[in-house]
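Reviewing the structure listed below.
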Amino acid sequence: QVQLVESGGGLVQAGGSLRLSCAASGLAFSNVAMGWFRQAPGKEREPVASIDYRGANALYANSVRGRFTISRDNAKNTVYLDMNSQKPEDTAVYYCAAANDRWATMGSREYVQWGRGTRVTVSS
């Protein structure tokens, strides 16, 4: 059974930092791309970042590029999202997802496994 478990969410002040983690089990983690998505209250889910199976290439949403960094540790079956210079508009539930391919992609249709999410609140 595939499990993706996010952790690291919480309350942070604007300008602060958080690190999200997603521990994966039950899948060939080192063979698939991983992504982070978020859904703010009253809004649709949107892609945040994606990383290929080796951790060599990453994609970012324009809204987070330069502030967020996605990385992975295939030995630990874990993907991370380092969030810096956070803004109130980063407030959302953040979801980890596993793709059905090796290559980084921001298309949600490419993701077949999803975690339950972790909430991030950025206060102004």
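These numbers were taken from a predicted model, which means no experiment stands behind them.
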Exercise. In Å and rounded to the nearest 0.5 Å, what is the CG to OG distance from D73 to S21?
Worked result: 10.5 Å

Seminar exercise, completed: Smallest heavy-atom separation, N57 atom then A104 atom, equals O-CB, 4.1 Å

Problem set entry | Side chain T91, main chain E89, donor-acceptor under 3.5 Å | no

Seminar exercise, completed: Residue pairs passing the ring-ring contact (aromatic ring centres under 6.0 Å, His included) test with at least one member in residues 57-103, sequence neighbours excluded, are Y53-W103

Exercise. How about L20 and V120: do any of their side-chain heavy atoms sit closer than 4.5 Å?
Worked result: yes

For this session: Using the rule that two of Ile, Leu, Val, Met, Phe, Trp, Tyr join whenever any of their side-chain heavy atoms come within less than 4.5 Å, decide whether V2 and W36 are in one cluster.
Result: yes

Exercise. For the residue pair A56 and D52, what are the closest heavy atoms and their distance?
Worked result: N-OD1, 2.8 Å

Exercise. Hey, is the main chain of S85 close enough, under 3.5 Å, to the side chain of R67 for a donor-acceptor pair?
Worked result: yes

Problem set entry | Within one Ile-Leu-Val-Met-Phe-Trp-Tyr cluster: F37 and M34, side-chain cutoff 4.5 Å | no

Exercise. Taking all non-hydrogen atoms of both residues, which atom of V48 and which atom of M106 are closest, and how far apart?
Worked result: O-CE, 3.7 Å

For this session: Starting from the C-alpha separation in whole Å, work towards a yes-or-no answer on side chain to side chain contact (heavy atoms under 4.5 Å, CB included) for V32 and D101.
Result: CA-CA 5 Å; V32 298; D101 201 350; over 6 Å; no

For this session: Mind jotting down which residue pairs meet the disulfide bond (SG atoms under 2.5 Å apart) criterion with at least one end in residues 74-124? Sequence neighbours excluded, please.
Result: C22-C96

Exercise. What are the two closest non-hydrogen atoms of A97 and L4, and how far apart are they?
Worked result: CA-CD1, 3.9 Å

Exercise. Under 3.5 Å, is there a donor-acceptor pair between the side chain of R72 and the main chain of F29?
Worked result: yes

For this session: Measure the shortest side-chain to side-chain distance between V79 and I51 over non-hydrogen atoms and say whether it is less than 4.5 angstrom.
Result: yes

For this session: Would you kindly confirm whether W114 and V93 end up in one hydrophobic cluster when ILVMFWY residues are joined by side chain heavy atoms under 4.5 Å apart?
Result: yes

Exercise. Is S50 reaching over with its side chain to a backbone N or O of G35, donor-acceptor style, under 3.5 angstrom?
Worked result: no

For this session: Grab the two heavy atoms, one from A61 and one from P47, that are nearest each other, plus how far apart they are.
Result: CB-O, 3.5 Å

For this session: Work out which heavy atom in P88 is nearest to a heavy atom in S124; give both atom names and the distance.
Result: CG-CB, 3.8 Å

For this session: Answer yes or no: is there a side-chain heavy-atom contact under 4.5 Å between E46 and R38?
Result: yes

Exercise. Side chain of D90, backbone of K87: donor and acceptor closer than 3.5 Å?
Worked result: yes

Exercise. Any side-chain heavy atom of N100 sitting closer than 4.5 Å to one from Y111?
Worked result: no

For this session: Taking the side chain as every heavy atom from C-beta outward, state whether Q13 and Q86 have any atom pair closer than 4.5 Å.
Result: no

For this session: Please examine the side chains of L11 and R119, heavy atoms only from C-beta on, and report whether any two atoms are closer than 4.5 Å.
Result: no

For this session: Indicate yes or no: does E6 engage R116 in a salt bridge with an N to O separation below 4.0 Å.
Result: no

For this session: Taking S17 for its side chain and N84 for its backbone only, find out whether a donor-acceptor pair lies under 3.5 Å.
Result: no

